[in-house]
Amino acid sequence: MMSVHARLSVVEAFQHLPSDELAEIEKTLNLVSIARGQALIRQGDIAGSLYVVVSGRFKVMREGNPRPIAEIGAGHPIGEIAFFAGGERTATVIAERDSLVYELKREEFDRLAERSPRIWAAITTQLARRLGEATYSGATRATSLLPRTIALCRAGGASGQAELIERFASQLLAAFPATAKTRVLDARAAMNALDSRAQLSSSEATQWFNTLEGQYDHVIYVADPELTEWSKKALRQADLVLCLGLNGKGVSREPNLLEHFAEQLHGKGTLRLVLLQEGDAPHEGTRGWLHSRPWVEMHHHVRGGEKGAAGDSEASGLQRLVRFIRGEAVGLVACGGGAYSAAHIGVFDALAEAGVKFDMVGGTSGGAAMTAALACHVPTSEIALRTEDIFITRKAMRRWTWPRYGLLDHVAFDSALADHFTSVDIEDLDVPFFAVASNLTRNTVECIQRGPLWVAVRASAAIPAMLPPVFNAAGEMMVDGCVLENTPIKTIRGLKTGPNVVIDFASPEIERQIIDTSSLPSRWEMIARVFTGGARHLPPAPGPQSVLMRSLMLNRPDYGRDMGPSDILLVPPIPPHIGHLDWHRHRELRAMAHQYAKEELALVKASGHGLLNPARHLP
């Protein structure tokens with residue numbers, strides 16, 4: 001149980017009260033049990049109570065926003081400003097798992113304040129300071145708590161999955177770092193510990209589970225094969241649910257009762273699908289699993305199949321799964337930039353030499369194409385050859401056409417992408433991948449994580465006016481992601497927590513030119529010069545492709561706002577003599593970027609960055 005000071009000192013307004021007055025307040029507290037999914041407070045209600053979380057987790061929801069704006073964990077207060085200010089609740093707070101809170105009711109506090117006026121003086125001072133800081137700093141960024149409790153349950157049919165969960169639980173436990181205190185708990189172990197003295201739904205049981213969770217960094221609850229009372233408790237108690245399925249013959253992909261119950265409790269975000277696979281990626285059949293589970297936003301592949309995960313937890317994908325759970329997944333973000341995108345290959349070379357491996361990759365336009373190849377485990381030497389084939393041999397960006405749908409004939413580009421990325425679906429890749437496009441129908445950034453890989457790359461690279469747009473299954477128009485998010489830092493931070501390597505390009509400065517726009521030839525003069533050989537004497541103004549590509553690359557992120565403290569930014573310098581369309585300079589760009597990234601990463605390593613010094617920064 002929490003001490004007096006531990007219960008109340010987390011409330012900022014109480015922090016400067018003496019112990020005797022804290023003790024008086026403590027006597028008025030009520031211990032309240034809140035079931036998962038129950039609203040503790042609702043937006044618009046009068047603030048009649050103050051709460052302190054003893055154990056559990058709550059999400060803060062605001063009307064008009066489908067996602068939580070913040071999360072509140074053990075030891076934190078709920079609703080203190082509205083309580084002291086006497087106003088209405090500004091948000092709804094919902095329990096994300098069975099939780100316990102201390103409640104201080106207004107009438108009890110008012111009686112106490114009458115007996116001890118000093119309490120109100122201390123509170124009003126602290127409240128005024130808090131409101132002043134909030135006004136000065138503006139809206140605070142929502143915080144996200146990492147999952148400490150994980151429930152494992154069966155996904156799909158029971159046939160062929162006997163003892164699957166128990167075996168996987170022990171392998172998952174072994175994949176957690178030795179420094180993380182982790183425990184696995186199944187129905188038998190829980191019943192033995194509780195000694196059948198309390199019902200699983202009782203507040204006594206909830207308090208026991210929450211006390212247990214306070215003793216460990218992670219608790220892994222193993223649900224029964226069927227939807228028993230223990231399975232329900234395990235799912236209710238979890239911050240994150242991993243639904244484990246065997247992707248093999250004879251196993252039904254239809255969601256079972258365990259999954260439906262978990263979906264009702266958790267919904268999107270905290271419910272993930274883990275598929276055990278027999279062979280190497282790309283896998284098959286993932287689309288069928290996901291189609292019947294629209295609530296799954298993230299899924300993971302782990303090799304091992306019926307025999308369980310492979311002995312090497314890194315090679316099998318177990319370590320990657322653990323890094324996602326612990327908020328340590330390493331991401332790679334690649335930007336667009338036309339022919340400059342060949343510089344990504346050199347950066348990839350330097351990152352591989354530095355020993356950096358990625359748990360999620362993605363990008364925009366040319367960056368999406370380059371990271372898609374990485375997600376398919378294509379060597380950088382082969383990526384360079386494919387770049388040569390697409391843009392030099394096939395001249396995919398040099399085939400002009402009648403400008404009805406675009407200035408360029410898209411057939412050569414589409415055919416090259418389909419040939420090189422074959423028929424691979426994004427969801428079948430073992431390394432999670434995303435491509436960013438601009439949805440002109442809804443004027444939003446489109447994060448593509450499903451469907452044919454080559455189509456996602458094509459949509460992300462559909463340069464407006466140059467190439468025809470791509471239309472998704474809903475009939476929405478997709479064009480180059482450079483329009484809205486050329487360097488998708490925000491996108492990857494919305495998908496995962498953990499360090500990212502960000503690659504961005506700064507366009508070289510343009511030489512100043514004094515050109516009289518009125519001197520540019522008309523269309524008939526242009527046609528005449530083309531046929532008479534006078535085109536070489538045209539004014540040296542840039543062409544439409546160059547102007548468009550440079551315009552798109554102006555959309556760069558605010559690094560100070562968008563990047564996290566553990567992210568690494570690499571900005572390979574682009575020589576001024578290389579243009580956005582100079583694909584024939586791809587070897588030069590690769591070599592230049594490799595040398596730059598090699599030197600930059602050496603400096604980052606010398607600074608002690610954990611991503612490049614794993615032995616010094618054990619998780």
Side-chain angles (χ1 to χ4, degrees), residues 329-375 379-380 383-384 387 431 433-436 481-482 485-493 495-496 498-509 552-576 578 580 585-614 617:
V330 182
L332 176 62
V333 178
C335 69
Y340 298 166
S341 297
H344 284 111
I345 307 174
V347 177
F348 296 168
D349 288 328
L351 288 167
E353 292 167 2
V356 181
K357 297 180 180 180
F358 296 101
D359 301 307
M360 171 176 276
V361 300
T364 297
S365 196
M370 296 297 175
T371 52
L374 277 189
T380 53
I383 297 177
T387 301
V431 178
F433 168 82
F434 69 93
V436 167
C482 292
E485 194 179 22
N486 188 40
T487 309
I489 303 174
K490 290 181 181 178
T491 293
I492 198 169
R493 290 180 69 84
L495 296 173
K496 71 162 193 68
N500 301 299
V501 175
V502 180
I503 306 173
D504 196 11
F505 303 137
S507 294
E509 293 186 8
L552 291 175
M553 286 189 64
L554 291 177
N555 181 15
R556 304 183 70 193
D558 182 337
Y559 300 125
R561 178 194 64 199
D562 298 334
M563 292 187 63
S566 61
D567 292 343
I568 297 174
L569 176 64
L570 299 174
V571 186
I574 305 297
I578 298 181
H580 297 83
R585 312 295 287 270
H586 67 89
R587 295 185 184 87
E588 182 180 347
L589 284 166
R590 177 186 179 184
M592 174 274 304
H594 175 232
Q595 184 62 33
Y596 158 81
K598 186 175 181 180
E599 294 173 358
E600 191 69 17
L601 290 173
L603 294 175
V604 174
K605 182 175 183 178
S607 72
H609 195 287
L611 192 58
L612 298 170
N613 296 276
H617 295 265

Query - Polar side-chain atom of Glu485 near backbone of Lys490 as donor-acceptor pair, under 3.5 Å - result: yes
Query raised in the report: Would you call Met370 and Ile383 a side-chain contact if the rule is heavy atoms closer than 4.5 Å?
Result: yes
Requested in this report: For atom NZ of Lys598, decide whether the heavy atoms of other residues, nucleotides or ligands shown that lie under 6.0 angstrom number more than 12.
Outcome: no
**Report entry** Check: His580 side chain, Tyr340 main-chain N or O, donor-acceptor pair, under 3.5 Å
**Finding:** no
Query raised in the report: At their closest point, which heavy atom of Thr364 faces which heavy atom of Pro488, and how far apart are they?
Result: OG1-CD, 3.4 Å
Query raised in the report: Do Phe434 and Ile492 come within less than 4.5 Å of each other through their side chains, counting heavy atoms only?
Result: yes
Query raised in the report: Can you name the residues that form a salt bridge (charged side-chain N to carboxylate O under 4.0 Å, His left out) with Glu353, not counting sequence neighbours?
Result: none
Query - Closest non-hydrogen atom pair, Tyr596 against Leu569 - result: OH-O, 4.5 Å
Query raised in the report: Going through the checks in order, is the side-chain contact (heavy atoms from CB on, under 4.5 Å) test met by Asp562 and Arg493?
Result: CA-CA 9 Å; Asp562 298 334; Arg493 290 180 69 84; 5.6 Å; no
Report summary line: Closest non-hydrogen contact found for Asp359 with Ala329 is OD2-CA, 3.3 Å
Query raised in the report: Looking only at heavy atoms, what is the nearest atom pair of Phe433 and Ala375, with distance?
Result: CB-CB, 4.2 Å
Report task. Report the distance from atom OG1 of Thr387 to atom NE2 of His586, rounding to the nearest 0.5 Å. Result -> 6.5 Å
Query raised in the report: Would you say the side chain of Leu332 lies within less than 4.5 Å of the side chain of Ile503, judging by non-hydrogen atoms?
Result: yes
Report summary line: side-chain contact (heavy atoms from CB on, under 4.5 Å) with Val333: of Val436, Val502, Val361, only one passes, and it is Val502
Query - Asp567 side chain to Asn500 backbone, donor-acceptor under 3.5 Å - result: yes
Requested in this report: Could you check if a side-chain atom of Met592 sits within less than 4.5 angstrom of a side-chain atom of Ile574, using non-hydrogen atoms only?
Outcome: yes
Report task. Taking the side chain as every heavy atom from C-beta outward, state whether Thr487 and Phe505 have any pair of such atoms under 4.5 Å apart. Result -> no
Requested in this report: Indicate the atoms forming the closest heavy-atom contact of Ser365 with Gly336, along with that distance.
Outcome: CB-CA, 3.9 Å
Query raised in the report: In Å and rounded to the nearest 0.5 Å, what is the CG to CD1 distance from Leu603 to Ile568?
Result: 11.5 Å
Just list the side-chain donor-acceptor pairs under 3.5 Å for residues 343-352, sequence neighbours left out, or say none.
from   : atom 1 : to     : atom 2 : distance (Å)
His344 : ND1    : Ser341 : O      : 3.0
His344 : NE2    : Cys335 : N      : 3.4
His344 : NE2    : Cys335 : O      : 3.4
Asp349 : OD1    : Thr380 : OG1    : 2.6
Asp349 : OD2    : Arg590 : NE     : 2.9
Asp349 : OD2    : Arg590 : NH2    : 3.1

Requested in this report: Over all heavy atoms of both residues, which pair between Thr371 and Ala334 is shortest? Give the atoms and the distance, please.
Outcome: CG2-CB, 3.7 Å
